[in-house]
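Please read the structure below before turning to the comments.
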Amino acid sequence: MAKQKVGLTLFWIGAVYAVVWGLLASLSVASALRTSTIAELAGTTWDINGIWQTVWGFSVPLGVLVAGIGVLLYGGAKGSTTWIYGVGVFLAVFLGILFTSRGHTPSFFGIGGALILFSLLGVIWHWAKERKGLEGVAGRVADLRMAAYALFGISAWFICGGLGMPFMRAFQGEPPLTPTHIMIPFASGWICLFLSHHFGSRERVERVGTGE
């Protein structure tokens with residue numbers, strides 16, 4: 001019980017931090033970045049090298065990490081699992097930030113893109129085998145997750161293209177594109193994934209209530 005309380009507390013700490021700083025504070029940050037240069041922001045609240053910019057910049061990564069640790073504890077995961085999750089996610093984010101200082105390496109992104117594509121195709125293949133025989137809510141849950149996987153894969157492709165353009169000579173000097181082609185499928189994918197968990201969780205609760 002104590003472990004569950006600690007987990008629930010960590011979840012809410014992470015969730016509130018991510019929402020308040022990652023969502024609400026972004027309104028102020030985005031406004032400042034749109035209307036001011038880096039030189040003009042120096043010495044202000046949103047100074048690029050200031051503490052509040054750092055607090056905002058790590059709000060969602062750190063908030064999600066803490067929230068994830070919380071739900072693992074709340075769900076009764078083993079201590080080793082919680083440690084592996086926490087350390088693994090931290091290292092992935094840390095290494096990603098660390099390697100930004102090494103400059104742009106096209107081959108690195110090519111390898112990463114290939115890993116994403118083959119992983120996606122593998123997920124789809126296993127999903128097809130798991131989908132056989134599923135009916136009712138279970139089938140709906142599976143279908144929503146398939147939609148989410150497809151939308152995430154499409155979003156990843158557009159993200160790679162959008163972030164890679166500034167490093168391509170053919171696009172130098174071109175104005176940046178508004179990333180609606182990324183946001184719409186990406187957000188839609190997350191909505192589908194959320195709904196799949198929502199319907200799946202509700203079905204399990206109903207089964208427990210009816211004693212099935």
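Keep in mind that what you see is a predicted model, and the values were worked out from it rather than measured. Note that the numbering runs from 1 along the sequence shown for the chain.
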Check: Do V16 and F11 have side-chain heavy atoms sitting under 4.5 Å apart?
Finding: no
Between V60 and L23, is there a side-chain heavy-atom distance shorter than 4.5 Å? no
May I ask you to check whether over 12 heavy atoms, not counting those of K78, lie within 6.0 Å of atom NZ?
no
**Non-hydrogen side-chain atoms of T82 and L73 separated by less than 4.5 Å** = yes
Practice problem: Begin from the C-alpha positions of F152 and L193 and carry the test side-chain contact (heavy atoms from CB on, under 4.5 Å) through to its verdict. | Solution: CA-CA 10 Å; F152 288 154; L193 188 60; 4.1 Å; yes
Between the side chain of T100 and the main-chain N/O of I97, is any donor-acceptor distance below 3.5 Å? yes
Would you say the ring centers of W21 and F58 fall short of 6.0 Å from each other? no
### Query
If you draw a 6.0 Å radius around CH2 in W127, do more than 12 non-hydrogen atoms from other residues or ligands fall strictly inside?
yes
> Do the non-hydrogen side-chain atoms of Y17 and V66 ever get within less than 4.5 Å of each other?
Replying inline: no
Any non-hydrogen side-chain atom of S26 less than 4.5 Å from a side-chain atom of W56?
yes
Sidechain-backbone polar pair: S119 side chain, L115 backbone, donor-acceptor under 3.5 Å: yes
| So do R140 and L134 actually touch side chain to side chain, heavy atoms under 4.5 Å? | no
| query | Under the side-chain contact (heavy atoms from CB on, under 4.5 Å) criterion, do Y74 and K5 qualify, and how do the steps go? | reply | CA-CA 7 Å; Y74 181 78; K5 289 183 178 180; over 6 Å; no
Is it the case that over 12 heavy atoms from other parts of the model lie below 6.0 angstrom from the CE atom of M183? no
Output yes when a side-chain donor or acceptor of T35 lies under 3.5 Å from a complementary backbone atom of S31, and no otherwise.
yes
- prompt: Hey, does the side chain of T54 reach the backbone of G50 with a donor-acceptor pair shorter than 3.5 angstrom?
  reply: yes
*Heavy-atom side-chain proximity of F99 to F108 below 4.5 angstrom*: no
Tightest non-hydrogen contact, residues C192 and A147, listed as SG-CB, 4.0 Å
Q. Checking S155 side chain against F186 main chain: does a donor-acceptor pair fall under 3.5 Å?
A. yes
Verify the neighbour count for atom CH2 of W46: are there more than 12 heavy atoms of other residues, nucleotides or ligands below 6.0 Å? yes
- Item | Whether over 12 other heavy atoms sit under 6.0 Å from E135 CD | no
Would you say CG of L95 has more than 12 non-hydrogen atoms from neighbouring residues, nucleotides or ligands within 6.0 angstrom?
yes
Could you tell me whether the side chain of I124 reaches within less than 4.5 Å of the side chain of M146, counting heavy atoms only?
yes
